[in-house]
Number of protein chains: 2
Amino acid sequence: MEQGLVFISDTRTNAGVDHISVFRKLHTFGVTGERFIALQTAGNLATTQAVIGHLQNALTLQQEPNLYSVNTMFEAAELIGKTLKTVLEDISSDTQEQMNYACSILVGGQIKGGDMQLYNVYPQGNFICATTDTPYFQIGESKYGKPILDRALYYAMPLDDALRCSLISFDSTLRSNVSVGLPLDALVYIKDSFVIPMGKRITEDDPYFSQISKQWSDTLRRGLQEMPKPTDDYWR
Amino acid sequence: MEQGLVFISDTRTNAGVDHISVFRKLHTFGVTGERFIALQTAGNLATTQAVIGHLQNALTLQQEPNLYSVNTMFEAAELIGKTLKTVLEDISSDTQEQMNYACSILVGGQIKGGDMQLYNVYPQGNFICATTDTPYFQIGESKYGKPILDRALYYAMPLDDALRCSLISFDSTLRSNVSVGLPLDALVYIKDSFVIPMGKRITEDDPYFSQISKQWSDTLRRGLQEMPKPTDDYWR
């Protein structure tokens, strides 16, 4: 977070266990040298695709405001929040009913003249911003991967450590929940670079990801073995 | 599981974040030399207390069937499932409405002449049994603690390893979710012993639990550092 932003998304969508597909959930916008904006989505696929579609459409037709005309990351988050809210209102005027089609969106990036920011945008169109105290967000299936982030991640963490930490967090989720699946999309933005990264797609035969997944299992098993033996009072 | 059973419960109940209390969720029944039955509960506290109350009441009044008269662990699970179903039916005849008061119960133990068993009893009164393939169950807030169990736990694992693994799993949940809180109740049953263990209450100043919690954080941080550096293609 201090040095940049790490984004990792899976690509599995499901409408029940026999209706599983691969869709990209990590999208980038930007102008090299001037702005970089990444969106990660979780939730209803039609809704997330509609939001991305409207944002891209506004760029194509040069409708204002759009992601290349907003002045700050705050305005970008506002635009995305309003777009999401409008998409849901188009489905139903009933806010309860809207929740059946809801999604969450992480928005991260940097616009020249401003700081790098990371926002978590809610279906209601409002949002929160990551800080030095809480330098990461998760959306979607977040629980399995949270313990390693809670223990290891911190604001000033070097970017390559943060990337490894995020990959391991995702690997834990992949192992414990079949609704999350490979391939993954990973992307690292280096602060003040204003470069639009291509990112990397991590497939099942990716040698680096396979290696850290295996090595992490070994770390955990060996770590368990190195724990002191339980005291006698556990055996009463 | 091959050598015995490890039970760990927290003691936090909540009805909203400003209504938190300490209640025991791990209960034992048994006759030394003849039978040991442990129950772990998760869900609505009034329901779980009613189930335990009915089971104890049947023993006090020597009503049949009761936990000291059932012949097998299968019959014990049946009795507990029926008791739970009856408690919920007393609240409402509407099965949807019943779910607002539902709970889950793990039942583990051994009765002389039979194998040690572990059951997961559902609010509908039906249940599933742990096997060599899946030698553990979690109820309640299960996701944060699941990755370490999925990676490390196996049927033939020595009991003290299984105990350490379970404690670390619980520690991860404690750190990531405030609805789960100390003290913990831990209990180990050694197969074919027919001893009713007293168990151990783990409080905040427990030196062994504090030590493994700290050492586990160190293991994870060091393990992260030892991971190979991300390959160049992550930085494109």
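Each chain gets a letter, A, B and so on, in the order its sequence line appears, and its residues count up from 1.
Ranked by non-hydrogen atom pairs under 4.5 Å with chain B, the options M198(A), R151(A), K200(A) are led by R151(A). Heavy-atom pairs under 4.5 Å with chain A peak, among C165(B), G145(B), A186(B), at C165(B). Contact tally against chain B (heavy-atom pairs below 4.5 Å) for K143(A), K146(A), E141(A): the top residue is K143(A). Interface summary for chain B: among V6(A), L149(A), D150(A), the most heavy-atom pairs under 4.5 angstrom belong to D150(A). Most heavy-atom pairs under 4.5 Å with chain A: of the set D171(B), I196(B), I168(B), this distinction falls to D171(B). Counting heavy-atom pairs closer than 4.5 Å to chain B, the top-ranked of the candidates I202(A), I190(A), T173(A) is I202(A).
Summarising the geometry, atom OG belonging to S213(A) is positioned 8.0 Å from atom CG belonging to L174(A); distances are rounded to the nearest 0.5 Å.
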- prompt: Going through the checks in order, is the side chain to side chain donor-acceptor pair (under 3.5 Å) test met by T131(B) and D133(B)?
  reply: CA-CA 5 Å; T131(B) 64; D133(B) 290 326; 4.6 Å; no
Stepwise side-chain contact (heavy atoms from CB on, under 4.5 Å) check, Q49(B) with R24(B): CA-CA 10 Å; Q49(B) 287 196 341; R24(B) 191 171 176 87; over 6 Å; no
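For L167(A), the part lying near chain B is the side chain, with the backbone staying farther off; criterion is any non-hydrogen pair under 4.5 Å. Using a 4.5 Å cut-off between heavy atoms, I212(B) contacts chain A through both its backbone and its side chain. Both the backbone and the side chain of Y234(B) come within contact range of chain A, judged by heavy atoms closer than 4.5 Å. Heavy atoms closer than 4.5 Å to chain A are found in the side chain of D206(B), but not in its backbone. When heavy atoms are compared at a cutoff of 4.5 Å, D160(B) approaches chain A by way of both its backbone and its side chain. Of the atoms belonging to Q215(B), heavy atoms from both backbone and side chain fall under 4.5 Å from chain A. Residue contact with chain B, scored on non-hydrogen atoms closer than 4.5 Å, involves the side chain of Y208(A) exclusively.
At least one side-chain heavy atom of Y119(B) sits less than 4.5 Å from a side-chain heavy atom of M73(B). For the pair L26(A)/T41(A), no side-chain contact is recorded, criterion being any heavy-atom separation below 4.5 Å from C-beta on. Side-chain contact check for C129(B) versus Q117(B): some heavy-atom pair is nearer than 4.5 Å. At a threshold of 4.5 Å between non-hydrogen side-chain atoms, the residues Y189(A) and M116(A) count as touching. When side chains are defined from C-beta on, F209(B) does not count as touching E204(B), because their heavy atoms never get closer than 4.5 Å. Counting heavy atoms from C-beta on, the side chains of W235(A) and V188(B) come closer than 4.5 Å.
Using a 4.0 Å cut-off between charged nitrogen and carboxylate oxygen, K191(B) and D115(B) do not count as a salt-bridge pair. Under 4.0 Å is where a charged nitrogen must lie from a carboxylate oxygen, and between K25(B) and D185(B) no such pair does.
Although no hydrogens or angles enter the test, the distance criterion places a donor-acceptor pair under 3.5 Å between the side chain of T47(A) and the main chain of Y101(A).
Residues of residues 218-232 of chain B lying under 4.5 angstrom from chain A, judged on non-hydrogen atoms, are T219(B), L220(B), R221(B), R222(B), G223(B), L224(B), Q225(B), E226(B), M227(B), P228(B), K229(B), P230(B), T231(B) in numerical order.
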